[in-house]
Every structure is written in C-alpha cells, then in structure tokens.
Amino acid sequence: RQFSANGNENVVGAHFSGTNGGTMGVCVIGTYTSVSPTQNAIRTTVRILGYRASNRNINPRGISYHPSSQKTLYNICGHRDGVGATECPGTNLYNQLPAIRNRVYALLNPPVVANVSADSISDVKATLTGEVNPNDSQTEVFFQYGVTPQYGNITIPQILTSGTSFTGITADIQNLT
C-alpha cells in the first residue's frame, strides 16, 4: 500500500542517511537476512518502482550520480548502498535487486508480437508462427490455442534471451479434433 502526506507523493523520507533529496524509498516490511520476501512482495515492489520510473523517466537498469551523497548508484538500489553500515534490506532481498531491476525494465518495455499466423492447417494439426521482439529482456513465448475463445491449451514455452530485433517463433500443434 502506498502512503502519502496530504496527497503529496514526494514526501522526503529518512531512508538515505540524511541525503534523501532526489531519492525514493520503498519499504518491504520484514527481515530478509534469513528468509526471502514473498513473490507478492516482489511483484508489488516491481509495480511501485515501475510506476515511479515511468512517471520520472528513470531507467530501472541505469546508474546515476547522487550529488548529496557523492555516490554513483544503481537507480534501483538497496538501503545499504546509501547508508553503508546496515544489512538492510537483508541479503535475501538485496541479492534479488538485479532481477527486480530487470522486471521493472520489462514492465516498462514489454515484448512486441507481430505477424502471428496459422499455416499447414488440417483437421488434426497446424503450424503456428509469429515474430517476437523481446525488447532487451528475457522473454517466455508460447501460443494459446483451442476450440473456444477461452483457448484452453498452450504450446511448450520457448525462452528468448534479451535482444532488440524480431525473432521468428514456430510451434506445431496436433490432435485438434
């Protein structure tokens, strides 16, 4: 849940050791030295960071100089990066920050799908083709198909590593009757 003071989303916190200007703090409540945050906590953190990165035109994978602290930091970093003498946010969350940066980036730059078609169609099989641009993020690709608008079936997922050009995807489906 996001809190604000008098409708102002830009309240200055105390998360960056007295040099809080130009920063935003996200609190993931818990002690993540011995346990990992839940997937729901990670998903919500990604959404909050995505919202702010989008509004402020911040590159989630970028690095910036923070003049007040005189540090060069990842745009999405942990409390310990600014303060130094703390375990916060805990190693189990801190080690997930690279993946969180990538998920925020992917949220803001979703893959693009084009030219989807079905070829070699018969009563029992077809070949599905399409093109996907993963927009520089690892992307899981699959086709949904079925005899109703709810589909009900998916092809075996294929993983595209990061890239910025369209890649052809093909899947053969069978037993259509």
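Everything numeric here is computed off the predicted structure, so don't read it as measured data.
What you find for P89 and G78 is that their closest heavy atoms are CD-CA, 4.2 Å. Contact between P134 and S165 at its shortest, heavy atoms only, is CD-O, 3.7 Å.
Under the 4.5 Å side-chain heavy-atom criterion for grouping Ile, Leu, Val, Met, Phe, Trp and Tyr, V26 is not connected to Y74 through any hydrophobic cluster. If you chain together hydrophobic residues whose side chains sit under 4.5 Å apart, Y145 and V116 fall into the same group. F142 and V113 are members of different hydrophobic clusters when ILVMFWY side chains are connected at heavy-atom separations under 4.5 Å. No continuous path of hydrophobic side-chain contacts links L160 to F166 [ILVMFWY only; heavy atoms under 4.5 Å]. In terms of hydrophobic clustering, with Ile, Leu, Val, Met, Phe, Trp and Tyr side chains grouped at heavy-atom distances under 4.5 Å, M24 and Y105 are assigned to different clusters.
In this structure, T155 contributes its side chain and F143 its backbone to a donor-acceptor pair below 3.5 Å. In this structure a side-chain-to-backbone donor-acceptor pair under 3.5 Å is missing from N153 to G146. Counting only distance, with no hydrogens or angles, the side chain of R80 and the backbone of E87 share a donor-acceptor pair below 3.5 Å. The backbone N or O of T170 lies less than 3.5 Å from a partner atom in the side chain of Q158, making a donor-acceptor pair.
In the displayed structure, I156 atom CD1 is contacted under 6.0 Å by at most 12 heavy atoms of other residues, nucleotides or ligands. Y94 OH: more than 12 foreign heavy atoms inside a 6.0 Å radius. Atom CG of D123 has 12 or fewer neighbouring heavy atoms from other residues, nucleotides or ligands inside a 6.0 Å radius.
Of the N and O atoms on the side chains of S64 and N75, at least one donor lies less than 3.5 Å from an acceptor on the other residue. Residues T33 and T91 bring no donor and acceptor atom of their side chains to less than 3.5 Å of each other. Between the side chains of R52 and N55, no donor-acceptor pair of N or O atoms lies under 3.5 Å.
Interatomic distance, OG1 of T167 versus CG of N133, reported as 7.5 Å (0.5 Å rounding). Here the CG-CD1 distance, from D81 to I76, works out to 12.0 Å after rounding to the nearest 0.5 Å. Rounded to the nearest 0.5 Å, atoms CG (L108) and CZ (R103) are 12.5 Å apart. A distance of 12.0 Å separates CG in L49 from OG in S54, rounded to the nearest 0.5 Å. With rounding to the nearest 0.5 angstrom, the CD1 atom of I159 is 5.5 Å from the CD atom of Q138. Distance check: N109 CG to T164 OG1 gives 11.5 Å after rounding to the nearest 0.5 Å.
Looking at T45, I29, L93, T44 one by one, the single match for side chain to side chain contact (heavy atoms under 4.5 Å, CB included) with P37 turns out to be L93.
Within the 4.5 Å cutoff, the side chain of S137 has heavy atoms near those of the R61 side chain. The shortest distance between side-chain heavy atoms of Y65 and Q70 falls below 4.5 Å. Between V46 and V104, some side-chain heavy-atom pair lies under the 4.5 Å cut-off. Taking 4.5 Å as the limit, some side-chain heavy atom of T129 sits within range of a side-chain heavy atom of S117.
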### Query
I100 and I42: side chain to side chain contact (heavy atoms under 4.5 Å, CB included), yes or no, with the steps?
CA-CA 8 Å; I100 289 170; I42 296 294; 3.9 Å; yes

